[in-house]
Amino acid sequence: MLGKKQVNWLVIVFFAIIIAVVFQQIHTSMTEQGIATGGPYDNAAAYPRAIAILIGLLLMLQAAVSWFREPTTDTDADELTMKQAYRPLALLGIFALYLGLLGVLGYHLTTTPMIIALLLVCGARPSLRIIVTAALIAFTLAYFFEAHLKVVLPGGIYGLNIPW
Amino acid sequence: MLVDSLISGFGLFMTPLALGLTLLGVLFGLLVGALPGLGPLMGIILLLPVAIGLPPVAAMGFLIAIFVGGSCGGSISAILLRIPGTPLAAATLFDGYPMAQKGRASDAIGIAISSSALGGLFGGLVLIFAAPALARVASNFAPPEYTALAITGLIAIAVISDGSLIKGLISGGFGLLLATIGTDEFSTGYRFTFGSHHMLNGFHIVAVVVGLFAISEMAYQCMSGDLLAKPKITVARPGFRSVLTTLRHWKNLLRSSVIGGFFGALPGAGGVISSFTAYAVAKAMAKPEEKYGEGAEGGVVATESSNNATVGGTLVPSLALGIPGDASSAVLIGALLILGYFPGPTLFEQQPEIVGGIFLVYLASNVFLLIAGILATPLFVYVLRVPKVFLIPTVLLLCSIGTYALQASVFDLFVMLGFGLVGILLRAASYPLAPVVIGIILGPLLENNLRRSLLISQDGYWIFLDRPVSALLLGINVLLIAGAIWFAIRQGRKTGDVSEVTGQS
């Protein structure tokens with residue numbers, strides 16, 4: 001599905017985008033604020049520009065090395081198959097969904113289902129045991145943070161918080 | 001100055017909260033150290049949000065104790081499972097596992113814990129005497145020296161990090177860029193905030209670090225094999241007589257602790273290098289009948305004493321200069337900054353009680369390690385039997401609540417997730433993550449001192465070469481990079497490719 005070579009190029013593209021954003025911000029937002037020119041005191045753009053240029057040079061070096069020195073095809077060992085990627089992708093998907101719903105439904109309505117889903121993704125069989133375990137993990141941590149550290153966890157639109 | 005600092009710190013240290021949290025930190029550190037894939041850095045990161053709401057000495061005691069316990073905990077799984085809980089314990093399995101195979105698992109763990117605690121106490125002496133001396137020297141430093149020092153810290157980490165020099169430098173540069181997000185201290189202008197009020201102070205370092213390390217680690221962990229597997233482990237109950245057994249190797253213990261303390265004080269070197277070096281030296285100096293590699297007690301003494309002495313050494317440049325020696329000490333510096341204290345000579349001059357308190361909690365954590373480590377080993381052995389499937393959701397939930405608790409901000413949670421994805425991408429392409437964190441910590445120090453240097457300079461960038469200390473440090477940087485390139489080319493010639501230079505595999 002995705003080999004080491006492709007991942008290397010993906011990271012190069014990622015850093016190239018970051019460099020582009022640095023220059024875009026210097027020429028728009030920072031110029032409009034008047035902090036993109038002047039001496040060391042006024043010029044807030046000089047330092048990030050220098051760092052971006054440095055990263056750019058290193059990136060070109062890395063790209064050249066990847067282009068000329070890397071094998072043109074990945075070995076099977078380097079290849080990440082869909083089967084291997086399923087678990088982390090599902091884990092990140094569930095976690096992202098959880099974070100999205102946390103502000104809306106609150107901690108107590110979202111956390112136990114999230115843990116159950118993660119346990120199932122990680123290979124646990126559906127049973128009463130995993131439901132109990134998930135609830136135990138969720139409420140133990142909630143108790144520790146809310147009762148002892150006085151953290152108010154997200155209550156969501158229903159304002160669900162347990163007065164421990 | 002040193003005695004005053006310790007006396008004034010004693011009051012802050014001798015509180016039930018500080019002592020209790022130091023003990024708790026050691027136990028938690030041993031736990032995360034013993035569980036393969038976690039380790040002291042992850043332990044510090046997971047409980048960082050809890051610590052920053054505490055009084056300073058109690059908070060630092062908690063985190064430093066996790067560092068100390070975590071540096072030792074890896075030996076338990078190395079000895080029992082032949083899987084080092086952390087890379088720090090990789091050299092411990094050379095002799096620790098054969099000892100367990102010969103039915104001496106309890107002895108091996110007891111020696112590992114005793115050596116760690118004694119080596120850690122030696123590291124404490126290095127810390128207590130070297131840090132104030134270094135801070136005194138650094139009190140004469142001006143912005144050009146600090147600029148050069150920050151560059152040295154970053155380059156040293158990038159050069160020594162896993163992976164290639166180029167990738168290490170790119171990661172470090174990425175960290176420096178991340179540190180520029182928010183309000184500029186000089187011009188008060190906004191940089192890379194995209195009009196969002198959430199970004200006015202930049203990304204919260206805890207959200208970034210948790211995402212980069214913890215989220216990416218969990219994604220990798222869930223890819224590995226059978227997560228429901230329960231490892232079969234023999235019962236181990238070490239006793240306090242292990243201390244006497246360890247002391248019989250006193251020369252080895254002292255030598256390895258010196259190696260650990262020395263490597264710890266060098267930015268970038270860290271516990272892995274020091275433990276392998278100490279093991280190599282101990283093996284070279286051992287008599288043939290000691291049979292290193294077949295269950296020699298001296299092998300365990302060497303690796304464990306050196307990697308825990310490294311912790312004390314690492315804290316020397318971190319406290320005295322604000323230059324972290326590795327990712328864990330970078331996070332500790334981050335914690336100190338969030339608590340409102342700026343590591344460096346001014347901390348030693350203006351808040352000696354905090355410095356003294358930190359010295360004392362460090363020493364106490366090593367004493368607690370010896371006692372609690374030996375008594376609680378059966379508990380850690382039991383925890384090692386818990387299938388990994390339960391660990392992943394617990395860590396993810398702890399990351400979420402901890403990050404949310406920082407500022408009661410859902411935005412921080414998405415920052416954490418975003419950096420989790422970045423962490424996965426960088427790890428997949430073998431980019432080291434430690435330089436990113438070091439870059440974030442050193443970024444403000446570097447930029448502010450660079451701009452101050454240019455403000456006071458009469459002839460631009462020449463100020464860095466006009467001043468001897470800064471010129472020397474810059475010279476060291478050039479040598480470090482040249483040395484790394486030379487070493488990589490030499491390795492490349494030997495292996496017939498440039499994988500060492502580029503980190504491609």
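FYI, side chains are in, hydrogens and waters are out, and symmetry mates aren't considered; it's all heavy atoms of this structure. To find a chain, count down the sequence lines: A is the first, B the second, and so on, and within it residues start at 1.
Annotation: side chain of B:Pro393 is in contact with side chain of A:Leu119 (closest heavy-atom distance under 4.5 Å). No side-chain heavy atom of B:Phe186 sits under 4.5 Å from any side-chain heavy atom of A:Tyr47.
A donor-acceptor distance shorter than 3.5 angstrom exists from the side chain of B:Arg451 to the backbone of A:Tyr41, with no hydrogens or angles considered. Side-chain atoms of A:Gln33 come within 3.5 Å of backbone N or O of B:Tyr190 as a donor-acceptor pair. With hydrogens and angles disregarded, no donor-acceptor distance shorter than 3.5 Å links the side chain of B:Arg191 to the backbone of A:Met30.
Both the backbone and the side chain of A:Leu58 come within contact range of chain B, each with at least one heavy atom under 4.5 Å from a heavy atom of that chain. The parts of B:Leu169 that come within reach of chain A are both its backbone and its side chain, each placing non-hydrogen atoms under 4.5 angstrom from that chain. Using a 4.5 Å cut-off between heavy atoms, B:Thr180 contacts chain A through its side chain alone, with no backbone atom that close. Neither the backbone nor the side chain of B:Tyr220 comes within contact range of chain A; no heavy atoms are under 4.5 Å apart. Looking at A:Val151, only its side chain comes within 4.5 Å of chain B, counting heavy atoms on both sides. Proximity to chain B is limited to the side chain of A:Ile35, based on heavy atoms less than 4.5 angstrom apart. At a 4.5 Å heavy-atom cutoff, the contact between B:Phe192 and chain A is made by backbone and side-chain atoms alike. When heavy atoms are compared at a cutoff of 4.5 Å, A:Leu91 approaches chain B solely by way of its side chain, counted from C-beta outward. For a residue to count as touching a neighbouring chain, one of its non-hydrogen atoms must lie under 4.5 Å from one of that chain's; by this rule A:Tyr86 does not touch chain B. Of the atoms belonging to A:Thr111, it is side-chain heavy atoms, and not backbone ones, that fall under 4.5 Å from chain B. Proximity to chain B (any heavy atom under 4.5 Å) is shown, for A:Ile94, by neither the backbone nor the side chain. For chain A, the nearby parts of B:Leu398 are the backbone and the side chain; heavy atoms of each come within less than 4.5 Å. With a threshold of 4.5 angstrom between heavy atoms, A:Ile137 approaches chain B through its backbone and through its side chain. Residue A:Val121: no heavy atom, backbone or side chain, is found under 4.5 Å from chain B.
The choice from A:Pro154, A:Ala45, A:Ala124 that makes the most heavy-atom pairs within less than 4.5 Å of chain B is A:Pro154. Counting heavy-atom pairs under 4.5 Å between each of B:Leu454, B:Leu228, B:Thr193 and chain A puts B:Leu228 at the top. With respect to chain A, the highest number of heavy-atom pairs below 4.5 Å among B:Gly195, B:Ser400, B:Gly53, B:Gly172 belongs to B:Ser400. Among the candidates B:Ile170, B:Asp184, B:Ile215, the residue making the largest number of heavy-atom pairs closer than 4.5 Å to chain A is B:Ile170. Interface remark: of the candidates A:Leu54, A:Asn43, A:Ile130, A:Asn43 forms the most heavy-atom pairs closer than 4.5 Å to chain B. When A:Ile115, A:Leu59, A:Ile18, A:Val22 are compared by the number of non-hydrogen pairs under 4.5 Å with chain B, A:Val22 comes out ahead. Contact count versus chain A (heavy atoms, under 4.5 Å) is highest, among B:Ala179, B:Pro49, B:Ala405, for B:Ala405. Here A:Gly123 is the residue among A:Ala142, A:Ala50, A:Gly39, A:Gly123 with the most heavy-atom pairs under 4.5 Å with chain B. Chain A forms the most heavy-atom pairs under 4.5 Å with one residue out of B:Leu446, B:Leu54, B:Leu450, and that residue is B:Leu446. Of the listed residues (A:Leu92, A:Thr28, A:Thr140), the greatest number of heavy-atom pairs within a distance under 4.5 Å of chain B belongs to A:Leu92.
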Item to check | Trace of the side chain to side chain contact (heavy atoms under 4.5 Å, CB included) decision for B:Ile401 with A:Tyr107 | outcome: CA-CA 9 Å; B:Ile401 306 181; A:Tyr107 176 88; 3.5 Å; yes
Checklist entry - Taking it one step at a time, do B:Val50 and A:His148 satisfy side chain to side chain contact (heavy atoms under 4.5 Å, CB included)? => result CA-CA 10 Å; B:Val50 176; A:His148 291 287; over 6 Å; no
Item to check | CA sep, side-chain torsions, deciding dist, call: B:Glu447, A:Ile51, side chain to side chain contact (heavy atoms under 4.5 Å, CB included) | outcome: CA-CA 10 Å; B:Glu447 183 182 7; A:Ile51 301 290; over 6 Å; no
Checklist entry - Does the side chain to side chain contact (heavy atoms under 4.5 Å, CB included) test come out yes or no for A:Leu102 and B:Val410, once each step is laid out? => result CA-CA 8 Å; A:Leu102 195 61; B:Val410 176; 5.6 Å; no
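Of all the heavy atoms in A:Lys4 and B:Ser430, the pair that sits closest is NZ-OG, 2.5 Å. Smallest separation of non-hydrogen atoms from A:Leu153 and B:Tyr404: CA-CE2, 4.0 Å. For A:Ile55 against B:Gly173, the heavy-atom pair with the smallest separation is CD1-C, 3.4 Å. Between A:Pro48 and B:Leu177, the shortest heavy-atom contact is O-CD2, 3.8 Å.
Atom-to-atom distance recorded for A:Cys122:SG and B:Ile392:CD1 is 4.0 Å, nearest 0.5 angstrom. Rounded to the nearest 0.5 Å, atoms CZ (A:Phe14) and CZ (B:Phe174) are 4.0 Å apart. Summarising the geometry, atom CG belonging to A:Leu99 is positioned 5.0 Å from atom CZ belonging to B:Phe414; distances are rounded to the nearest 0.5 Å.
Heavy atoms from other residues, nucleotides or ligands lying under 6.0 Å from NE2 of B:His197 number 12 at most. Heavy atoms of other residues, nucleotides or ligands lying less than 6.0 angstrom from CH2 of A:Trp164 number more than 12. No more than 12 heavy atoms of other residues, nucleotides or ligands shown are found within 6.0 angstrom of OH on B:Tyr461.
Put simply, the residue from B:Leu413, B:Leu396, B:Leu397 that forms a side-chain contact (heavy atoms from CB on, under 4.5 Å) with A:Phe95 is B:Leu396.
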